[in-house]
Visitor: 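This is the structure I have questions about; it appears just below.
Just so we're clear, the structure is a prediction, and the values are computed from it rather than from any experiment. Residue numbers begin at 1 in each chain, while the letters A, B, ... track the order of the sequences. What you see below is based on every heavy atom in this structure, not just the backbone, and it leaves out hydrogens, waters and symmetry mates.
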Amino acid sequence: MVESPAKAKTIEKFLGKDYTVMSSYGHIRDLSKKELGIAIDDNFKPDYEISPDKKKLVESLAKSAKEAERVWLASDEDREGEAIAWHLTQVLGLPVDQTRRIVFHEITKSAIMAAIENPRTIDMNLVNAQQARRVLDRLVGFELSPVLWKKVKPSLSAGRVQSVAVRLIVEREREIMNFRSTPYYRVTARFYRTDDPAKTLFKAELDRRFDSAEEAEGFLGTCREADFRVLSSESKPAERHPAGPFTTSTLQQEAGRKLGMSVSQTMAVAQRLYENGYITYMRTDSQNLSSQAIAAAREEIIKMFGEEYSSARKYKTKSKGAQEAHEAIRPSYLNRQQIEGSPEEKRLYDLIWKRTVASQMSPARIEKTVVSIAAGESPHKFTATGEVILFDGFLRLYSETVEDETEEGQENTLPELKAGDGLSYQDISATERFTQPPFRYSEASLVRRLEELGIGRPSTYAPTISTIINRGYVIKQNKQGTKRSYRLIRLEKGKISSKELSETTGREKAKLTPTDIGMIVNDYLDKHFEEILDYNFTANVEKEFDEIAEGGKEWTNMIREFYTAFHPTVEKALEELPDRSGRERILGTDPKSGKQVSARIGRYGPIVQIGSADDEEKPRYASMKKDQLIATITLDEALALFELPRTLGELDGKEVVVSIGRYGPYIRYDGKFTSLPRKDDPYSVTLERAVELIHEKESAAKASKEPIKVFDAEPEIKVLNGRYGPYIASGGKNYRIPKDTDPATLTLEQVRDIMAKSKK
DNA sequence: CAGTGAGCGAGCTTCCGCTTGACTT
């Protein structure tokens, strides 16, 4: 019995007819879903239930176990895997003398045969470490969440992993809010050797930055008549090494950067590659490659590039708490460079293939040259750096990208330069730059940070992100960026010129930002449950789980110690009145009515209001936009929100109204709604334009209701247009049309064929 | 799904980590 059905299929091939390989599909039972599932008074005894969707599976496992001569439990060799094996023995009533526990870290015939030769019994210490982990997570999650329901808002949640993930995002946002950008001047020059008839240009940067335009201009003034010469030129050889093979988190990061895929998208595509037998298991924290894979990679490299490009290597996993039950993520067969599948599958496979092979290639050898240049009598020096690749090594196949790189790379080829050489400038520029706030997290960079902290596991990174988004704690959004002007001062042919230029700054794609509720929940938890929110909480309890796994500690004792400290903090929080401070912000006074304008959380989310509940007149309310925060919204932005809904005029005697709803800006007319395209602004859209959009929608709606195709011979069968694209409808059942076929040209035979082939 | 912003009360929400399908017009 193994955990994954795809694994079962592969192993069955290795073992032959004498064995039946079945899969448990992960855990088969868990703490009860409705209750706490832990008898706190009975020494924290867990109350396990077979998961409802596993009942049938357990029955069939039980039947097969009874018929079998011997059961081999081959769940993963980590805490969770050991627990799965133990739960199987308990639920299936497996007798100890007919049950064997085996483990392997790679799915190769030799590894499995070796495992069968070396069976052991279930390691109860490891199982108990898992029980401690499970019980602790349940206690934290099921005691903290109800506190939030009472003190903040119903249906919220808190937990050892998700609450820290939210904290990282909230704290980063506050750093950005408090950041004040300051300008400075960066001086770069283009020089050539005075005695070089070709005037070959190269770039150099001044080793000092100026705070003001005056200082920068003053320096450029001294450069006008200055005598430039090379002080020193040093060349040093260096090596660059390939990155190790993929783990779940590094795959998620690279697929995000190179292919623009979200974390959950990456995992879904990888799952398909795994099920098709193209790659090894995709949820892993190990960088280990089987010796067979290393040999196969070596063979491929020699075949493609030659012996000198091959350099076999083993990688050590650095991440905290790694349990290394699997191999790294790699192609199942390294001689398979391409695969069949969707474009996404092909691209992700290509990435995995290249990364794996590159990890077994020689380092690149480069020569780095640093040239120091004196500018007349000035104490400041220019530095020019150049890099020459002597041997490309792994770079020939793959190079890792870096997220959020600011300054453009310094690709610079240097001419021959030696100390004493006289130089002339082509131009010297002082460009105004601005200090940058810290970067917001992307999904993948959040995963990287969580992994560094040892929080969460490969199987939970993607679901954790979904949870904090679904709870409304954070949102993933793009930011347009704003225009800002900057100054460029340039010295050219002895003359200094200065001009104002403009650039876009702060543009972002798919970054995670906290919501108001995310910030309120974070602050509340941080105030009352500091220990759980501590970035080291998981690392601390992991140390204790390790002690339990080594037999040095009784698991219920560990949990008791934790709970006797933790539970009183829950009781105390429940006694205290909810703290309303920090939840409302006064923004100023409405110039029209003279009433107070404020922002707060309403029943359905963040709102701004004009006036207060104490006034005689009822306050006016408006919902805030998704990208606005109570902490940062300005008076002007708040007042703008009251300009909607806006009545544009009438069409055929009925009102045309424009506003912003849950799904963005819309036009309401005759009880129907039309979305406003991105390029139209609800604050300025005209009646004329709105009417145009309404008519467009009407004709599109008419077209989509029409069947794409009907067949006279078979009126029951129709090709229709639905929400998810064209489909075939027949006798109350719907069938999907294959991607590469044009629905308009389908014949009745083809349709019948599709219907017959579709899965039951 | 296209707004809302009152109040009451019943009934419900929630964790982390291991696995995949099933399902939607």
Side-chain angles (χ1 to χ4, degrees), chain A residues 2-8 23-31 33-38 51 53-54 57 75-76 78-84 87 130 133-150 153-163 268 271-272 274-275 281 283 323 325 455-461 463-464 467 471 532 538 600-609 613 618-623 645 657-668 671-676 704 720-729 733-736 759:
Chain A
V2 297
E3 292 181 40
S4 151
K7 201 168 165 179
S23 132
S24 73
Y25 292 77
H27 278 292
I28 52 160
R29 63 176 192 177
D30 190 16
L31 300 175
K33 240 181 153 40
K34 283 260 137 274
E35 325 266 297
L36 181 64
I38 300 161
S51 320
D53 55 334
K54 292 287 173 65
L57 171 75
S75 47
D76 299 344
D78 57 20
R79 208 160 59 197
E80 299 297 326
E82 203 67 18
I84 288 172
H87 282 302
Q130 193 274 348
R133 199 280 304 157
R134 182 68 193 90
V135 166
L136 179 124
D137 281 335
R138 172 55 69 90
L139 288 172
V140 170
F142 274 40
E143 294 217 349
L144 288 191
S145 300
V147 176
L148 294 178
W149 304 343
K150 287 201 186 78
K153 206 178 119 170
S155 303
L156 295 175
S157 65
R160 174 175 60 82
V161 173
Q162 58 168 286
S163 296
Q271 175 86 29
R272 288 202 296 275
Y274 167 67
E275 283 169 8
Y281 196 56
R283 289 184 276 263
Q323 307 196 4
I455 299 172
R457 303 279 313 134
S459 67
T460 61
Y461 295 138
T464 299
T467 299
R471 295 276 174 276
I532 310 290
T538 291
R600 66 177 173 92
I601 298 262
R603 255 172 83 182
Y604 305 98
I607 53 167
V608 285
Q609 67 179 60
K618 225 178 111 178
R620 288 173 63 207
Y621 301 98
S623 296
V657 178
V658 62
S659 190
I660 296 180
R662 251 172 94 181
Y663 301 91
Y666 65 93
I667 304 159
R668 191 176 63 220
K672 289 197 214 68
F673 297 86
T674 308
S675 291
L676 214 56
S704 72
L720 300 173
N721 225 333
R723 268 169 75 188
Y724 305 100
Y727 67 102
I728 298 164
K733 280 185 183 144
N734 299 326
Y735 305 84
R736 186 170 285 173
K759 279 183 231 159

Visitor: Just how far, in rounded Å, is P of dC12(B) from CD of E35(A)?
Guide: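 So the CD-P distance, E35(A) to dC12(B), works out to 12 Å.
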Visitor: By the 4.0 Å heavy-atom rule, please label Q162(A) as base, sugar-phosphate, or nothing.
Guide: sugar-phosphate
Visitor: Specify the separation, in whole Å, of atom CZ of F142(A) and atom C1' of dG17(B).
Guide: 14 Å
Visitor: Check the side chains of R668(A) and S659(A) for a donor-acceptor pair under 3.5 angstrom, ignoring hydrogens and angles.
Guide: no
Visitor: Whole Å only: how far is the NE2 atom of H87(A) from the P atom of dC18(B)?
Guide: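 So the NE2-P distance, H87(A) to dC18(B), works out to 13 Å.
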Visitor: Given atom CZ of R134(A) and atom C1' of dC16(B), what is their separation to the nearest angstrom?
Guide: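 Atom-to-atom, R134(A) to dC16(B), this comes out as 6 Å.
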Visitor: Find which nucleotide of DNA chain B each of K33(A) and R79(A) is nearest to by heavy atoms, and output the residue with the more 5' nucleotide.
Guide: K33(A)
Visitor: Just checking T467(A): base, sugar-phosphate only, or nothing, at a heavy-atom cut-off of under 4.0 Å?
Guide: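 Here T467(A) touches the backbone only, sparing every base.
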Visitor: Under 4.0 Å between any heavy atoms, over every strand shown, what does Y274(A) touch: base, sugar-phosphate, or nothing? Just pick one.
Guide: sugar-phosphate
Visitor: Quickly work out the I667(A) CD1 to dA2(B) P distance and round it to whole Å.
Guide: 17 Å
Visitor: Which of the following nucleotides, dC18(B), dA6(B), dT20(B), is nearest to the side chain of Q271(A)?
Guide: dT20(B)
Visitor: Write down the distance between CZ (R133(A)) and P (dG17(B)), rounded to a whole number of angstrom.
Guide: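 About 6 Å, once rounded to whole Å.
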Visitor: Picking from dC18(B), dT20(B), dT14(B), which would you name as closest to the side chain of D78(A)?
Guide: dC18(B)
Visitor: Students often get this wrong, so: under 4.0 angstrom with heavy atoms, is G26(A) touching a base, only sugar-phosphate, or nothing?
Guide: base
Visitor: Please round to the nearest 0.5 Å and tell me the distance separating atom CZ of R133(A) and atom CG of L136(A).
Guide: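 One gets 9.0 Å once the value is rounded to the nearest 0.5 Å.
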Visitor: Stacking between dC1(B) and F673(A), yes or no? Criterion: centroid separation under 5.5 angstrom, plane angle under 30 degrees.
Guide: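 No, F673(A) does not stack on the base of dC1(B).
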Visitor: With a 3.5 Å cut-off and just heavy-atom distances, do the side chain of R138(A) and the base of dC16(B) make a donor-acceptor pair?
Guide: no
Visitor: Looking for any heavy atom pair under 4.0 Å, which part of the strands does S4(A) touch: base, sugar-phosphate only, or nothing?
Guide: sugar-phosphate
Visitor: Quick one: is S157(A) getting a side-chain N or O under 4.0 Å of the dC15(B) phosphate, OP1 or OP2?
Guide: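 For dC15(B), OP1 or OP2 has a side-chain N or O of S157(A) closer than 4.0 Å.
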Visitor: Once you apply a heavy-atom cut-off of 4.0 Å, does E143(A) come out as touching a base, just sugar-phosphate, or nothing?
Guide: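 Here E143(A) touches no strand at all.
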Visitor: Would you name the heavy atoms of Y621(A) and Q609(A) that are closest together and state the gap between them?
Guide: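 Nearest pair, atom of Y621(A) first, then Q609(A): CE2-OE1, 3.3 Å.
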Visitor: Base, sugar-phosphate or nothing for L136(A)? Non-hydrogen atoms, less than 4.0 Å.
Guide: nothing
Visitor: What's the spacing between L148(A) CG and R471(A) CZ if we round to 0.5 Å?
Guide: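 Reported to 0.5 Å precision, the distance equals 11.0 Å.
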Visitor: Separation of I84(A) atom CD1 from dC18(B) atom C1', in whole Å?
Guide: 5 Å
Visitor: Classify the nucleic acid contact of A729(A) as base, sugar-phosphate or nothing, counting any heavy atom under 4.0 Å across all strands shown.
Guide: nothing
Visitor: With heavy atoms under 4.0 Å as the rule, sort V161(A) into base, sugar-phosphate or nothing.
Guide: sugar-phosphate
Visitor: Using a 4.0 Å heavy-atom cut-off across all strands, classify R29(A) as base, sugar-phosphate, or nothing.
Guide: nothing
Visitor: At 4.0 Å (heavy atoms only), tell me whether P619(A) reaches a base, stays on the sugar-phosphate, or touches nothing.
Guide: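 P619(A): no heavy atom of the nucleic acid under 4.0 Å.
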Visitor: What distance separates R29(A) CZ from K54(A) NZ, expressed to the nearest 0.5 Å?
Guide: 13.0 Å
Visitor: Have a look at G456(A) and say if it touches a base, only the backbone sugar-phosphate, or nothing, with a 4.0 Å heavy-atom cut-off.
Guide: sugar-phosphate
Visitor: Looking across every strand, which nucleic acid part, if any, lies under 4.0 Å from S155(A) by heavy atom: base, sugar-phosphate, or nothing?
Guide: base
Visitor: Please determine whether any donor N or O and acceptor N or O are separated by less than 3.5 Å between the side chain of R283(A) and the base of dC18(B).
Guide: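 No such pair is found, so the answer is no.
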Visitor: When you measure from the side-chain N and O atoms of Y281(A) to the phosphate of dT19(B), is any distance below 4.0 Å, counting only OP1 and OP2?
Guide: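 Yes, such a contact exists.
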Visitor: Between D76(A) and K7(A) (salt bridge meaning N to carboxylate O under 4.0 Å), is one present in this structure?
Guide: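 Looking at D76(A) and K7(A), the cut-off is met.
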Visitor: Under 4.0 Å between a side-chain N or O of Y461(A) and OP1 or OP2 of dG17(B)?
Guide: no
Visitor: Please state how far atom CZ in R160(A) lies from atom P in dG17(B), giving the value in whole angstrom units.
Guide: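 Nearest whole value for this atom pair: 5 Å.
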Visitor: Is any side-chain heavy atom of S157(A) closer than 4.5 Å to one of S145(A)?
Guide: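 Sidechains of S157(A) and S145(A): in contact.
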Visitor: Using heavy atoms to find the nearest nucleotide of DNA chain B for Y25(A) and K34(A) separately, return the residue whose nucleotide is more 5′.
Guide: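 Its nearest nucleotide lies further toward 5', so the answer is K34(A).
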Visitor: Identify whether a stacking contact exists between W149(A) and dT14(B), where the ring centres must be under 5.5 Å apart and the planes under 30° apart.
Guide: no
